[in-house]
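Report on the structure given below.
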Amino acid sequence: DVQLQASGGGLVQAGGSLRLSCAASGFTFDDYVIVWFRQAPGKEREGVACISRSDGRIYADSAKGRFTISSDNAKSTVYLQMNSLKPEDTADYYCAAVRRIHRIMVIPGPAAMDYWGKGTQVTVSS
């Protein structure tokens, strides 16, 4: 069975940090692009960052300079280190995977994903 298990969310004060983890299983990790999405109440789901073995890392403008996506291929796990958190980062964060067919130039949208994990909640207090 395919599983994407996100963890690491929590409550943090503005300016603080959190590290999210996404543990993948049931598919060939190296063949997929792993994407972190987030969805705040009343807003659309948006891509935050993605990573693939072939195309490296891509960040949304809101994440550049503050968030770092990385992967441990041996553990089939992707991390999202979030620093300098702001109240507007408050959202449910999801990891998702899409099979890499061609070069990725932008973060794939939610509709393109093959697999989703359950979200982990991040709350940033002011």
Side-chain angles (χ1 to χ4, degrees):
D1 289 349
V2 171
Q3 286 193 350
L4 289 166
Q5 186 70 42
S7 62
L11 173 64
V12 64
Q13 288 188 333
S17 299
L18 282 174
R19 189 177 83 153
L20 306 183
S21 299
C22 174
S25 61
F27 60 94
T28 305
F29 186 75
D30 289 352
D31 292 344
Y32 281 74
V33 181
I34 306 298
V35 186
W36 281 103
F37 290 91
R38 68 184 182 186
Q39 188 166 22
K43 294 190 177 182
E44 293 186 354
R45 192 168 294 190
E46 63 171 349
V48 175
C50 67
I51 189 168
S52 69
R53 190 180 184 94
S54 301
D55 303 314
R57 302 167 176 83
I58 304 173
Y59 295 94
D61 287 344
S62 60
K64 288 178 181 176
R66 300 188 300 127
F67 295 1
T68 302
I69 190 170
S70 61
S71 68
D72 183 336
N73 291 347
K75 295 182 179 179
S76 296
T77 299
V78 171
Y79 305 98
L80 185 68
Q81 178 67 43
M82 304 188 295
N83 299 329
S84 302
L85 283 162
K86 305 174 182 179
E88 50 263 46
D89 294 317
T90 294
D92 289 326
Y93 284 71
Y94 301 85
C95 60
V98 58
R99 188 178 182 90
R100 182 190 181 279
I101 298 174
H102 52 73
R103 184 180 178 185
I104 299 297
M105 301 291 287
V106 296
I107 299 174
M113 297 297 106
D114 294 323
Y115 307 118
W116 286 91
K118 293 182 180 179
T120 185
Q121 189 172 49
V122 172
T123 302
V124 184
S125 63
S126 57

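In this chain, numbering begins with 1 at the start of the sequence shown. Because only heavy atoms are used, hydrogens play no part in the values below, and waters and symmetry mates are left out as well, while side chains stay in.
Side-chain contact between C22 and Q5 is absent, with no heavy atoms from C-beta onward closer than 4.5 Å. Counting only heavy atoms from C-beta outward, the side chains of P108 and M113 approach each other to under 4.5 Å. In this structure, V122 and T90 have side chains that are not in contact, with every pair of non-hydrogen atoms separated by 4.5 Å or more. Taking 4.5 Å as the limit, some side-chain heavy atom of L20 sits within range of a side-chain heavy atom of M82. At a threshold of 4.5 Å between non-hydrogen side-chain atoms, the residues F27 and S76 do not count as touching.
T123 places no side-chain N or O within donor-acceptor distance of the main-chain N or O of L11, the cut-off being under 3.5 Å. Of the possible donor and acceptor atoms, one in the side chain of R57 sits under 3.5 Å from a partner among the backbone N and O of I69.
Hydrophobic clustering (ILVMFWY, side-chain heavy atoms < 4.5 Å, transitive): V2 and W116 are in distinct clusters. V33 and W36 fall into different hydrophobic clusters, where Ile, Leu, Val, Met, Phe, Trp and Tyr are joined by side-chain heavy atoms under 4.5 Å apart, directly or via other members. Using a 4.5 Å cut-off between side-chain heavy atoms of Ile, Leu, Val, Met, Phe, Trp and Tyr, with links allowed through other members, V35 and L80 fall into different hydrophobic clusters. I58 and I51 are members of different hydrophobic clusters when ILVMFWY side chains are connected at heavy-atom separations under 4.5 Å. Linking Ile, Leu, Val, Met, Phe, Trp and Tyr whenever their side-chain heavy atoms come within less than 4.5 Å puts I104 and V98 in one cluster.
Counting heavy-atom neighbours within 6.0 Å of E88 CD, excluding the residue itself, gives a total above 12.
Judged by the 6.0 Å and 45° rule, R45 forms a cation-pi pair with Y94. At least one cation-pi condition fails for R38 and Y93: the charged atom is not both under 6.0 angstrom from the six-membered ring centre and inside a 45 degree cone around its axis.
Considering every non-hydrogen atom in both G9 and T120, the closest pair reads N-OG1, 3.0 Å. Across S126 and A14, no two heavy atoms sit closer than the pair CA-CB, 4.4 Å. Closest of all the heavy-atom pairs between G109 and F37 is C-CZ, 3.8 Å.
Expressed to the nearest 0.5 Å, how far CD1 of I34 lies from OH of Y115 amounts to 10.5 Å. Of the inter-residue distances, the one linking S25 atom OG with K75 atom NZ reads 15.0 Å to the nearest 0.5 angstrom. Put simply, NZ on K86 and OG on S62 are 8.5 Å apart, with the number rounded to the nearest 0.5 Å. The OG atom of S52 sits 10.0 Å away from atom CZ of F29, with the distance rounded to the nearest 0.5 Å. Between Q13 atom CD and S125 atom OG the span is 5.0 Å, to the nearest 0.5 Å.
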Report the C-alpha separation of Q81 and L18 in whole Å, then their side-chain angles, then the decisive distance to 0.1 Å, and conclude whether the side-chain contact (heavy atoms from CB on, under 4.5 Å) test is met. CA-CA 6 Å; Q81 178 67 43; L18 282 174; over 6 Å; no
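The disulfide bond (SG atoms under 2.5 Å apart) test applied to C50 returns no partner, not counting sequence neighbours.
Counted by atom type alone, D1 and Q3 present zero donor-acceptor pairs between their side chains at under 3.5 Å. Side chains of D72 and T77: no donor on one and acceptor on the other come within 3.5 Å. Using modelled atom types, one finds a donor on one side chain and an acceptor on the other under 3.5 Å when comparing N73 with S71.
Using a cut-off of 4.0 Å between Lys/Arg side-chain N and Asp/Glu carboxylate O, R100 and D55 are scored as salt-bridged. Between D61 and K64 there is a salt bridge, with a side-chain nitrogen of the basic residue lying less than 4.0 Å from a carboxylate oxygen of the acidic one. Using a 4.0 Å cut-off between a side-chain N of Lys or Arg and a carboxylate O of Asp or Glu, D114 and R99 do not qualify as a salt bridge.
In this structure, Y59 has its ring center no closer than 6.0 Å to that of F67.
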